[in-house]
Amino acid sequence: MVSWTIENTYDYKFEEAVRTTDKLNAAYPDEPVGYLYKCGVIWKMLEEDCAGPTDSAYSEIKHLIDSACGLSKTYVGKNPSDVMGLFYYAGGLVYRARYGAIKHDWFSVMSDGVKSRKLLQKILELDPNFYDAYSGIGAFNYYASNIPWYLKPIAYVLGVSGNGAEGLAQLRKAAEYGKYSKTEAAEFLATVVYVNEDDYSGAKEIMRMLHDEYPLNLDFTRSLCWDLYKLHDYAPIIGYADSALSVYASNDGCHGRNIGYLLFLRANALSDLNRDYAEALNDYTKMIGIAVPKFLVRWSYLGRGELFLKLNRVADAISDFETAANINGDSYTYVRARTALDTLRRK
């Protein structure tokens, strides 16, 4: 049932995943596994705007985390050498750290991270071939080696430190051999490690593999298209975006973040390839209407303005450039919008 939950979550079959975890909790109310994996499903639904009211979703997540951690702690106290019990306890602490990050409680985040790492290290002492433990410990090592300066005093107090190269090797091991966290480790490599290193070619190869395995996963499609965009490989974006948008574009308000990304990327690809300007304009306009992710709204006004210029619709271009320049955001987009406006006004 755990494998079904994982597969259904990655396939975006959230209702089926929830039903499976509810069955687990009903059958085994004193076991942490159902609470832990339901937490993962609800969190994913929350990211995709499919979990209902945000406050209720976070309240449920908090309850599931508390249940998973409490039951895991009790189980491990009775069975200190049970690797699955240790694994579930470490997973519960990771979710608790993630919840703490939302609340900006960085002391709790690092404290739970340290506790989780100790549990994972104990697993590997008991069973060096429990490859799923390498995913969490690898992510910890990577994050701990890249702590922002303003959090380093807390890290020092808690004794948080990490080795980035070691973390990378551990994540690769989990991605290759893991059972429960194989996909999670691969996604972390592609969307965190390789992106931070500007290795979009490496990220693209991993995301293409994940997309092929889970073609209905909007996160994987969006990440793959973003990698292609950063590599200026625009043509494949259109096909991937078309396939995803044909399934999800009218999904009653869910998936807005990923749909917004795909509309922007498809519009940009069409424009840069000098194809189907009417479709590109429509995509930019839809993205602006969805208005998530917020940073792409400004980029979409800029892109639509540049497309209006290609169509010699100067007044519309000026309007969009002015809007792009007036929305708070990155300096790069602001400079491009201001430069375009200055050029047009000198003519």
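The figures that follow rest on heavy atoms only: side chains count, while hydrogens, waters and symmetry mates do not.
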What heavy-atom pair brings Thr221 and Ala244 nearest, and what distance separates the two atoms? CG2-CB, 4.0 Å

pair Glu306-Leu309: side-chain heavy atoms closer than 4.5 Å: no

Thinking salt bridges, do Asp212 and Arg208 make one under a 4.0 Å N-O criterion? no

Under the side chain to side chain contact (heavy atoms under 4.5 Å, CB included) rule, collect the residues that match up with Glu197, sequence neighbours excluded. Val193, Tyr194

Parallel, tilted or perpendicular: which fits the ring planes of Tyr180 and Phe87, with parallel below 30° and perpendicular above 60°? tilted

Between the side chain of Asn196 and the main-chain N/O of Val192, is any donor-acceptor distance below 3.5 Å? yes

Here the gap from Arg338 atom CZ to Thr343 atom OG1, rounded to the nearest 0.5 Å, amounts to 11.0 Å

Between the CD1 atom in Ile65 and the OG atom in Ser72, the distance rounded to the nearest 0.5 Å is 12.0 Å

State, yes or no, whether a side-chain contact exists between Leu171 and Glu184 at a heavy-atom distance under 4.5 Å. no

If the threshold is 4.0 Å, N to carboxylate O, is there a salt bridge linking Glu187 and Arg222? no

Heavy-atom check, side chain of Tyr75 versus side chain of Asp82, under 4.5 Å: yes

Heavy-atom donor-acceptor pair, Thr323 side chain to Ser319 backbone, under 3.5 Å: yes

Correct closest heavy-atom pair for Leu262 and Cys225 would be CD2-SG, 3.9 Å

With distance as the sole test, does Arg298 use its side chain to make a donor-acceptor pair with the main-chain N or O of Ile327 at under 3.5 Å? yes

Sequence neighbours excluded - side-chain hydrogen bond (donor to acceptor under 3.5 Å, both in side chains) pairs with any residue from residues 235-246: Asp242-Arg266

Residue Asn274 excluded, over 12 heavy atoms near CG under 6.0 Å: yes

Partners of Leu71 by side chain to side chain contact (heavy atoms under 4.5 Å, CB included), sequence neighbours excluded? Pro32, Tyr35

Sub-4.5 Å side-chain heavy-atom contact between Glu16 and Arg19: yes

For Lys310, does the NZ atom have more than 12 heavy-atom neighbours from other residues, nucleotides or ligands under 6.0 Å away? yes

Would you say the side-chain atoms of Ser271 pair up with the backbone N or O of Ala267, donor to acceptor, closer than 3.5 Å? no

Between Tyr37 and Tyr88, does a side chain to side chain contact (heavy atoms under 4.5 Å, CB included) hold up when you go through it step by step? CA-CA 9 Å; Tyr37 281 99; Tyr88 292 145; 4.0 Å; yes

Distance check, rounded to the nearest 0.5 Å: Met84 atom CE versus Asp127 atom CG? 11.0 Å

NZ/NE/NH1/NH2 to OD/OE distance under 4.0 Å, Arg257 and Asp49: no

Quick check against the 3.5 Å criterion: does Asp132 have a side-chain atom that pairs as donor or acceptor with the backbone of Lys179? yes

Tyr214 and Glu7: side-chain donor and acceptor closer than 3.5 Å? yes

Applying side chain to side chain contact (heavy atoms under 4.5 Å, CB included), run through Phe321 and Leu344 and close with a yes or a no. CA-CA 10 Å; Phe321 290 144; Leu344 287 170; 3.9 Å; yes

Check whether Asp227 reaches the backbone of Tyr200 with its side chain - one donor and one acceptor, N or O, closer than 3.5 Å. no

Using 30° and 60° as the class limits, which term best fits the ring planes of Phe264 and Trp226: parallel, tilted or perpendicular? tilted

Crowding at CZ, Phe295 (>12 non-hydrogen neighbours, <6.0 Å): yes

Check the angle between the aromatic planes of Phe14 and Tyr12 and answer parallel, tilted or perpendicular using the 30° and 60° thresholds. tilted

Within the 4.5 Å heavy-atom criterion, are Ile238 and Leu273 side-chain neighbours or not? yes

For Asp55, does its backbone N or O pair with a side-chain atom of Ser59 as donor and acceptor, under 3.5 Å? no

SG of Cys69 to NZ of Lys115: how many Å apart, nearest 0.5 Å? 9.0 Å

Linked, directly or transitively: Val292 and Ile288 (ILVMFWY side chains, under 4.5 Å): yes

Would a hydrophobic clustering, with Ile, Leu, Val, Met, Phe, Trp and Tyr connected at side-chain separations under 4.5 Å, put Ile259 with Leu216? yes

How long is the span from the CG atom in Asn282 to the CD atom in Glu279, to the nearest 0.5 Å? 6.0 Å

Ignoring hydrogens and geometry, is there a side-chain-to-backbone donor-acceptor pair from Ser56 to Gly52 under 3.5 Å? no

Output yes when a side-chain donor or acceptor of Lys122 lies under 3.5 Å from a complementary backbone atom of Pro80, and no otherwise. yes

Closest non-hydrogen atom pair, Ala291 against Val297: CA-CG2, 3.6 Å

Using the rule that Ile, Leu, Val, Met, Phe, Trp and Tyr join whenever any side-chain heavy atoms are under 4.5 Å apart, tell me whether Tyr332 and Leu265 fall into a single cluster. no

With side chains defined as the heavy atoms from C-beta onward, is the minimum distance between Glu213 and Phe220 less than 4.5 Å? no

Whether the Trp4 and Thr20 side chains hold a donor-acceptor pair (N or O, under 3.5 Å, no angle test) is what I'd like checked. no

Going through the distances and angles, do Tyr277 and Leu307 end up as a side chain to side chain contact (heavy atoms under 4.5 Å, CB included)? CA-CA 7 Å; Tyr277 287 167; Leu307 191 53; 3.5 Å; yes

Looking at every heavy atom in both Ile318 and Leu341, which two are closest together, and how far apart are they? O-CD2, 3.7 Å

Would you kindly confirm whether Val94 and Tyr142 end up in one hydrophobic cluster when ILVMFWY residues are joined by side chain heavy atoms under 4.5 Å apart? no

Cluster overlap Phe188 with Leu168, hydrophobic side-chain contacts below 4.5 Å: yes

For the residue pair Asn217 and Asp11, establish whether any side-chain heavy-atom pair is separated by less than 4.5 Å. no

Work out which heavy atom in Ala324 is nearest to a heavy atom in Ala337; give both atom names and the distance. CB-CB, 4.0 Å

Using 0.5 Å steps for rounding, measure from the OH atom of Tyr301 to the CG atom of Asn326. 11.0 Å

Under 6.0 Å from the CG atom of Asn129, do we count more than 12 heavy atoms belonging to anything else shown? yes

Assess whether side chain to side chain contact (heavy atoms under 4.5 Å, CB included) is satisfied between Met207 and Ser223, documenting all intermediate values. CA-CA 7 Å; Met207 294 316 306; Ser223 293; 3.7 Å; yes

Neighbour count above 12 (heavy atom, 6.0 Å) for Glu47 CD: yes

Please tell me whether Trp299 and Asp330 have a donor and an acceptor in their side chains that are separated by less than 3.5 angstrom. yes

pair Leu210-Ile206: side-chain heavy atoms closer than 4.5 Å: yes

Go through the steps to decide whether Asp272 and Tyr234 satisfy the test side-chain hydrogen bond (donor to acceptor under 3.5 Å, both in side chains), and finish with yes or no. CA-CA 8 Å; Asp272 282 354; Tyr234 299 119; 3.2 Å; yes

Test: Arg96 and Asp112 ion pair at under 4.0 Å: yes

Should we say atom NZ of Lys182 is surrounded by more than 12 heavy atoms from elsewhere, each under 6.0 Å from it? yes

